[in-house]
There are 2 protein chains.
Amino acid sequence: MAEEKKNATIYDVAAAVGVSLATVSRVVNGSENVRPATRDKVRAAIEELGYRPNAVARGLASKKTTTVGVVMPDMTNLFYSELTRGIDDVANMYQYDVLLTNTDDDPKRAVTAIRNLADKQIDGLIYMGSQLSKQVQEAMKMADVPVVLAGSVDQKGILPSVNIDYQAAFEEVTNRFLSEGQERIALVVGSADRPIDVDYRRAGYALALEKVGRDVDESLTFSGPRSYEDGQALAAQIHASGARAAIIYDDEVALGVLNGLQDAGVKVPDDFEIVSANNTTFTMVARPELSSIDQPKYDIGAVAMRLLTKLMDQDSLNQKQVILPHTMVNRASTKSAKRN
Amino acid sequence: MAEEKKNATIYDVAAAVGVSLATVSRVVNGSENVRPATRDKVRAAIEELGYRPNAVARGLASKKTTTVGVVMPDMTNLFYSELTRGIDDVANMYQYDVLLTNTDDDPKRAVTAIRNLADKQIDGLIYMGSQLSKQVQEAMKMADVPVVLAGSVDQKGILPSVNIDYQAAFEEVTNRFLSEGQERIALVVGSADRPIDVDYRRAGYALALEKVGRDVDESLTFSGPRSYEDGQALAAQIHASGARAAIIYDDEVALGVLNGLQDAGVKVPDDFEIVSANNTTFTMVARPELSSIDQPKYDIGAVAMRLLTKLMDQDSLNQKQVILPHTMVNRASTKSAKRN
DNA sequence: ATGAAAGCGCTAACAC
DNA sequence: GTGTTAGCGCTTTCAT
């Protein structure tokens, strides 16, 4: 009954009812200033004609696209895809659509992506890259839209962000190993130069050691591995370093190390303990299951998106740098789990 | 030097150079009909003013948004996120942006998503849902844009799609178990009613049995599990069914079954063999590693997106139903791997 | 409460 | 080659 061939425009609806465009626009946008009778007639016509507002035209006229850009390193990494799931769900809740771009954590690609998203007139941006280069910040400035970082830190504290306290988490894990008498604890991070790795993860590790009067032994710190295979390859090196425990920033890498070690005959957790940091499904499928820092991944994304909606509505934020709580999940890759 | 506060428009550029809008539009769009000298001046002004075309305005005027919609069940499932990675990379290659929506494989949400994407005037759509309900097809028709299915089949063969030959793959796996003398082979699929599960996966399984004169034993077929935990829970049932081998449609589920079985003391592959179907990272991290059908996931997405670009360019397709090759990866969850 | 009219920033005939 | 002129489909003052 309500089948039309060519897409009806607001003009068609107006003509059908015998009112002006403005009136139709008002009922579509839920304005109060429309007589109920008129409103009903307009609604009927909209239904009848199968009218749906053209979001592009609306975007041009209103300068709001109800679209947010999301720039992420890699959607095939469970950590990021779970963050993004949180973002997406909240975005839908607030009627925003998500324009997604993978950058492989390459700052150059991030810059291109942000510029491109800006051209599309996104209303806001969520950025998950592990670094915030000058060029990326510049691109954000040019984009001239609210930005929220998710799982990504701005050391200057200028951009709003949602994270856990990485330093505290890494310090806790290190402490725990220390209190169990571990003498040689390895640290595996993603890079040797990015703030999140150097100033937070490694800093937490170093702080714990420092508090018991020890220095970081460079031969026990590793950086660079990104995949399961990288982790497997790293296992031999870690073992050769004389480490008897390791705290590893990524679950897939941790699982690679775990399996690499075990395939080489090392007993986990008896001869070697491992703690991972993202608590994705990978930690549970491992044998032994991996102990891990738990980050509320979905929530980090969800909260970041929620902050962004506020910013897009010109609301003020109670808190710019949101730190969500993390916990420790004790499983079988650490000895203490057995004690319990 | 080229810093401006308010975004320059095409009009500003035209005024700066002393030409008309049309000329600027021509150089921006790479038209031949511009005198080189003019072109250079315009380019200089564009650079100088930091002008970037407003994609929304362009979209409204040209009726092309260079944006494609992607409707997927769940980006936290590695199978789908790898498909999407392929889509995204090819989309970027052809200068398209991706508007992503997760639907949890709920047809209702898929309908809403498609309508919404249509409102945003996407140029094309990639759909990955495991079913193609009437309403979804209707929504696609209304959207009035080219559609390509990725990892999703249209039994009527109307919509272009990219898949592997699921039936052949499942038949092969079943055959293999049969040829090894397996008597009780379980089948685990995602649903009891969707075409991809019933008419392809299960059909392949049934066909192999039929060819050796056997019927499908309903007590050996399972449907519904979606997660690792579901798989773990299912392990007991599968074992109780007397099955000694299983072919499982999803890697996480397969890993759940594997671990569930092993945790209950079942020896894999000696007492029970498992073959999974997506060959994601999960198959490699398992112990024993999971044998699996390998689907070229990234390529399925990439090819689907490539087809879509052709369709959007009004090109014709050589082939509407693309079937990409699958292979078998023999690992330690099946006995034959040991023989090799 | 409703309408008229002016854009939003761009593309696309159509002239010259 | 380049300019003029309509729109694209909508929102948004400003009147009434």
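Every chain is numbered from 1, with letters handed out A, B, ... down the list of sequences.
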Per nearest nucleotide of DNA chain C, the residue lying toward the 5' end, Leu21(A) or Arg26(B), is Leu21(A)

Between OH of Tyr11(A) and C1' of dT11(D) the distance, given in whole Å, is 17 Å

From NZ of Lys120(A) across to P of dC8(C) the rounded distance in Å is 22 Å

In this structure, CG of Leu21(A) is separated from CZ of Arg26(A) (nearest 0.5 Å) by 10.5 Å

| request: Would you please say whether a donor-acceptor pair under 3.5 Å links the side chains of Arg306(A) and Thr309(A)? | output: yes

Here the gap from Gln131(B) atom CD to Asp105(B) atom CG, rounded to the nearest 0.5 Å, amounts to 6.5 Å

Are side-chain N/O atoms of Lys120(B) and Thr67(A) paired as donor and acceptor at under 3.5 Å? yes

**Asked** Can you tell me if the side-chain N/O atoms of Lys63(B) get under 4.0 Å from OP1 or OP2 in dG9(D)?
**Response** yes

Phosphate OP1/OP2 of dT11(D) contacted by Arg58(A) side-chain N/O (<4.0 Å) = yes

_Between Ser25(B) and dT11(C), is there a contact of a side-chain N or O with OP1 or OP2 at under 4.0 Å?_
yes

Please assess Met312(A) against Val68(A) for the test side-chain contact (heavy atoms from CB on, under 4.5 Å), listing each intermediate value before the final yes or no.
-> CA-CA 10 Å; Met312(A) 292 186 297; Val68(A) 298; 3.8 Å; yes

Query raised in the report: Do the side-chain N or O atoms of Ser62(A) get closer than 4.0 angstrom to the phosphate oxygens (OP1, OP2) of dT11(D)?
Result: no

With heavy atoms under 4.0 Å as the rule, sort Val19(B) into base, sugar-phosphate or nothing. sugar-phosphate

Less than 4.0 angstrom between a side-chain N/O of Tyr51(A) and OP1 or OP2 of dC10(D), yes or no? yes

When rounded to whole Å, the CG to P distance for the pair Leu60(B) and dG7(C) reads 17 Å

Output yes when at least one side-chain N/O atom of Asn29(B) is less than 4.0 Å from OP1 or OP2 of dT11(C), else no. yes

| field | OP1 or OP2 of dT2(C) under 4.0 Å from side-chain N/O of Thr38(A) | value | yes

query = Looking at Thr23(B), does any N or O in its side chain come under 4.0 Å of the phosphate oxygens OP1/OP2 on dT2(D)?
reply = no

**Base of dG9(D) paired with side chain of Arg52(A) (donor-acceptor, under 3.5 Å)** = no

From NZ of Lys64(A) across to P of dC10(D) the rounded distance in Å is 19 Å

When rounded to whole Å, the CD to P distance for the pair Gln121(B) and dT11(C) reads 17 Å

Counting just side-chain N and O atoms, does Asn54(A) come under 4.0 Å of either OP1 or OP2 of dC8(D)? no

Between CG of Asn33(B) and P of dC14(C) the distance, given in whole Å, is 16 Å

Worksheet item: Are Thr76(B) and Tyr298(A) side-chain neighbours, meaning at least one heavy-atom pair lies under 4.5 Å?
Response: no

Among the nucleotides dG3(C), dG9(D), dG9(C), whichever has the atom closest to the side chain of Ala61(B) is dG9(C)

In whole angstroms, the gap separating P of dG1(D) from NZ of Lys41(B) amounts to 15 Å

To the nearest angstrom, the CD-C1' distance between Glu32(B) and dT2(D) comes to 15 Å

Considering only heavy side-chain atoms of Arg35(A), the closest of dC10(C), dG9(D), dA1(C) is dA1(C)

